[in-house]
Amino acid sequence: MGYYRFPFLLYQLRPGVMLGATLISAGAAAAGTLYSVIRASLVPPAVGMQPEPPARDRVSIVERIGLRRWLAQPTRMIVRNLERRPVKAALSAVGVAFACAILITGGFFNDAVDYMVDVQFKLAQQDDIAVTFHEVASTRALSSLRSLPGVRRAEGYRSVPARLRHEHRTYRTSLNGMPQDGVLRRLLNRELRPVALPPDGVVLTDHLAEILDIRPGEILTVEVLEGSRPVRTVPVAGVVSEYVGVAGYMRLPALQRLMREGPSISGAYLSVDSARMEEVYARLKEMPRVAGAAVREKALQNFYETMANQVLVF
């Protein structure tokens with residue numbers, strides 16, 4: 001399965017937008033041409049057939065300050081024309097600058113989205129399928145997933161919906177427990193190096209830390225939104241960078257201790273042989289314990305569609 005490229009998807013998603021942009025551009029060009037034709041038709045023929053009066057020629061400021069000897073004749077003519085029509089020259093320069101800005105901005109959006117995809121879906125998320133259970137299960141459920149033909153590796157995770165609170169600021173998201181030796185889902189720092197989760201404490205994404213205005217070393221209140229809805233407190237151990245989503249991360253045993261439960265998981269990340277992807281996906285849908293299975297390729301396509309819609313609206 002190949003990755004979608006962002007510019008191609010922009011065209012594929014909204015052909016109506018591209019058609020509308022084409023019509024607007026054609027309309028603007030036609031309006032400008034029609035305006036010029038109308039102005040020319042209003043000029044009397046006798047006046048319009050007269051040759052244009054010669055331009056007033058004078059020595060430019062650049063030549064007066066002693067640079068004439070280093071300027072060739074065509075260069076001196078260009079400098080004199082620019083000085084003769086300063087407003088026109090300035091507007092032309094501004095127009096060229098804005099045209100370059102449009103090209104650079106368009107390329108920036110493409111590069112930014114592709115960079116986020118490379119970091120999030122290739123470096124941080126290396127699983128092929130993310131499995132979610134109907135309810136919290138024992139870690140023994142991983143044995144059933146590992147036994148599926150085509151599954152190379154299975155790593156369990158625990159996801160707890162919670163309202164995170166710091167002082168008067170709150171945000172509803174999830175606490176995710178990740179295995180210590182996991183390789184299918186990784187946290188990365190700004191240098192794109194893997195970050196090891198601490199034995200205790202929670203690690204927040206940088207955007208979530210800004211929302212809650214909390215820093216490492218401060219205490220975070222966790223209002224669990226499942227089960228008996230307990231309220232816990234946990235220290236913030238660090239901050240990581242993520243381009244997609246906002247959440248908190250803990251080591252799987254630390255989150256299980258916070259929830260005061262035994263070895264349990266909410267789902268699993270699977271690495272699957274690409275030749276048997278459809279077979280594994282079909283087997284997962286038949287398992288009564290499995291609530292859903294998210295294929296990374298499909299998630300990537302949805303991400304591109306979401307970003308394309310936002311950029312097109314912008």
Side-chain angles (χ1 to χ4, degrees), residues 1-4 116-162 173-188 194-197 203 224-227 240 242-245 247-259 261-306:
M1 299 181 183
Y3 286 97
Y4 294 84
M116 286 191 293
V117 168
D118 290 338
V119 173
Q120 190 66 30
F121 292 95
K122 296 182 181 180
L123 297 179
Q125 301 180 12
Q126 299 186 2
D127 57 288
D128 297 307
I129 300 179
V131 179
T132 305
F133 297 149
H134 280 290
E135 57 186 14
V136 179
S138 171
T139 53
R140 292 192 297 269
L142 290 175
S143 301
S144 301
L145 298 176
R146 293 185 178 122
S147 64
L148 294 176
V151 175
R152 297 172 176 173
R153 185 183 180 91
E155 297 176 359
Y157 69 90
R158 179 76 168 96
S159 181
V160 178
T173 180
S174 63
L175 281 181
N176 300 318
M178 304 172 63
Q180 180 179 354
D181 56 348
V183 297
L184 298 182
R185 287 290 178 104
R186 302 184 298 175
L187 300 179
L188 306 175
V195 176
L197 289 172
V203 173
V224 179
L225 301 178
E226 71 174 19
V240 294
E242 266 193 357
Y243 296 105
V244 180
Y249 297 93
M250 301 178 68
R251 282 193 186 182
L252 183 56
L255 182 56
Q256 292 167 348
R257 290 195 301 269
L258 182 70
M259 294 297 296
E261 59 188 18
S264 57
I265 55 176
S266 303
Y269 301 122
L270 306 182
S271 175
V272 181
D273 185 356
S274 59
R276 312 192 72 169
M277 182 73 69
E278 295 183 1
E279 178 185 352
V280 172
Y281 185 73
R283 293 283 298 273
L284 290 173
K285 291 195 297 183
E286 296 175 356
M287 293 184 172
R289 178 173 291 177
V290 174
V295 180
R296 181 174 61 159
E297 287 287 344
K298 184 62 176 178
L300 178 58
Q301 180 182 357
N302 293 336
F303 174 78
Y304 267 129
E305 291 176 356
T306 301

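Keep in mind that what you see is a predicted model, and the values were worked out from it rather than measured.
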Grab the two heavy atoms, one from [X] and one from [Y], that are nearest each other, plus how far apart they are.
| X | Y | value |
| --- | --- | --- |
| Ala268 | Leu142 | CB-CD2, 3.7 Å |
| Ala247 | Thr173 | CA-OG1, 3.7 Å |
| Leu123 | Arg186 | O-NH2, 2.9 Å |
| Ala293 | Tyr281 | O-CE1, 3.5 Å |
| Ala137 | Ala141 | CB-CB, 4.3 Å |
| Glu226 | Pro161 | OE1-CD, 3.5 Å |

May I ask you to test the [X]-[Y] pair for a side-chain heavy-atom distance under 4.5 Å?
| X | Y | value |
| --- | --- | --- |
| Ile129 | Glu297 | no |
| Leu284 | Leu270 | yes |
| Leu145 | Val151 | no |
| Leu188 | Val240 | no |
| Val131 | Met287 | no |
| Val203 | Met250 | no |
| Gln301 | Glu305 | yes |

Which residue pairs satisfy the salt bridge (charged side-chain N to carboxylate O under 4.0 Å, His left out) criterion with at least one member in residues 125-139, sequence neighbours excluded? Asp127-Arg185, Asp128-Arg296
Not counting sequence neighbours, list each pair that qualifies as a salt bridge (charged side-chain N to carboxylate O under 4.0 Å, His left out) and has a residue in residues 282-294.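 Of all non-adjacent pairs touching residues 282-294, none passes salt bridge (charged side-chain N to carboxylate O under 4.0 Å, His left out).
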Sub-3.5 Å donor-acceptor pair from the side chain of Glu155 to the main-chain atoms of Val183, do we have one? yes
Taking Gly262's backbone N and O only, do any of them form a donor-acceptor pair with Ser264's side chain (distance below 3.5 Å, no angle check)? yes
Salt bridge (Lys or Arg N to Asp or Glu O under 4.0 Å) with Glu242: which residues, sequence neighbours excluded?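 For Glu242 there are no salt bridge (Lys or Arg N to Asp or Glu O under 4.0 Å) partners, ignoring immediate neighbours.
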Under the rule for salt bridge (Lys or Arg N to Asp or Glu O under 4.0 Å), what residues qualify as partners of Arg146, not counting sequence neighbours?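 Residues passing salt bridge (Lys or Arg N to Asp or Glu O under 4.0 Å) with Arg146: none at all.
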Decide yes or no on side-chain contact (heavy atoms from CB on, under 4.5 Å) for Met178 and Leu255, but give the supporting numbers first. CA-CA 9 Å; Met178 304 172 63; Leu255 182 56; over 6 Å; no
Stepwise side-chain contact (heavy atoms from CB on, under 4.5 Å) test for Val224 and Met259: CA-CA 9 Å; Val224 179; Met259 294 297 296; 3.8 Å; yes
Nearest 0.5 Å, what's the [atom1]-[atom2] distance between [X] and [Y]?
| X | Y | atom1 | atom2 | value |
| --- | --- | --- | --- | --- |
| Tyr157 | Phe133 | OH | CZ | 8.0 Å |
| Arg152 | Ser271 | CZ | OG | 5.5 Å |
| Leu300 | Lys122 | CG | NZ | 8.0 Å |
| Gln256 | Ile265 | CD | CD1 | 9.0 Å |
| Glu261 | Leu258 | CD | CG | 9.0 Å |

Can Arg276 and Glu278 be counted as an ion pair, charged N to O under 4.0 angstrom? no
Once side chain to side chain donor-acceptor pair (under 3.5 Å) is applied, do any residues pair with Gln125, and if so which ones, sequence neighbours excluded? none
What pairs of residues pass the side chain to side chain donor-acceptor pair (under 3.5 Å) test when at least one of them lies in residues 174-183, not counting sequence neighbours? Ser159-Asn176, Ser174-Asn176, Gln180-Arg251
